[in-house]
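Take a look at the structure below.
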Amino acid sequence: MLIGAQLLGEVMQRVLHLPLPGPVIGMFLLAVALLIPCKSWVARRDNEVSALEQASSSLIANMGLLFIPAGVGIVTELAVLKRDWLPILMGLLVSTVLGLVVTGLVMHHITRRAAHPDAEASVLNPGGSL
């Protein structure tokens with residue numbers, strides 16, 4: 001399924017001349033497919049492993065292999081890393097901190113809403129009547 005999503009992303013990128021890489025488009029398509037409420041994907045049937053559990057288990061078991069292309073890319077671009085190490089390092093640090101801050105803020109708001117579901121209703125409908 002993962003290879004199929006990547007293949008579909010590559011085909012869409014080449015046919016539609018999209019500015020995103022094919023694997024990125026494939027991951028978006030995979031995310032959309034997982035968000036669509038399809039019970040056969042997620043639901044277990046009589047002690048069977050769901051398709052989602054099967055795919056995630058195999059990905060986790062082989063996660064080390066997923067780092068090989070990134071490592072090869074780093075080795076092949078060592079000259080670029082030596083030349084532009086400071087902007088690359090700053091970009092990594094800023095994006096990491098920004099990602100952590102945004103994730104923290106989103107989780108903060110989600111947990112507040114989960115803890116007080118009636119507060120959201122009163123904000124949306126302050127008069128209490130429709």
Report the hydrophobic cluster partners of Ile3, with the cluster defined as I, L, V, M, F, W, Y residues connected by side-chain heavy atoms closer than 4.5 angstrom, directly or transitively.
none

Throw together a table of side-chain donor-acceptor distances under 3.5 angstrom for residues 88-104, partners on residues two or more places apart or in other chains.
unit_1 : atom_1 : unit_2 : atom_2 : d
Ser95  : OG     : Gly91  : O      : 2.9
Ser95  : OG     : Leu92  : O      : 3.1
Thr96  : OG1    : Leu92  : O      : 2.7
Thr103 : OG1    : Gly99  : O      : 2.7

Tell me, which pairs form a salt bridge (Lys or Arg N to Asp or Glu O under 4.0 Å) where one or both residues lie in residues 86-106, sequence neighbours left out?
none

Going by the salt bridge (Lys or Arg N to Asp or Glu O under 4.0 Å) test, which pairs reach into residues 62-72, not counting sequence neighbours?
none

When the side chains of residues 8-20 are checked against the rest of the protein, which donor-acceptor pairs come out under 3.5 Å, sequence neighbours left out?
unit_1 : atom_1 : unit_2 : atom_2 : d
Gln13  : NE2    : Leu18  : O      : 3.3

Expected list for residues 66-74: side-chain donor-acceptor pairs under 3.5 angstrom, two or more places apart:
none

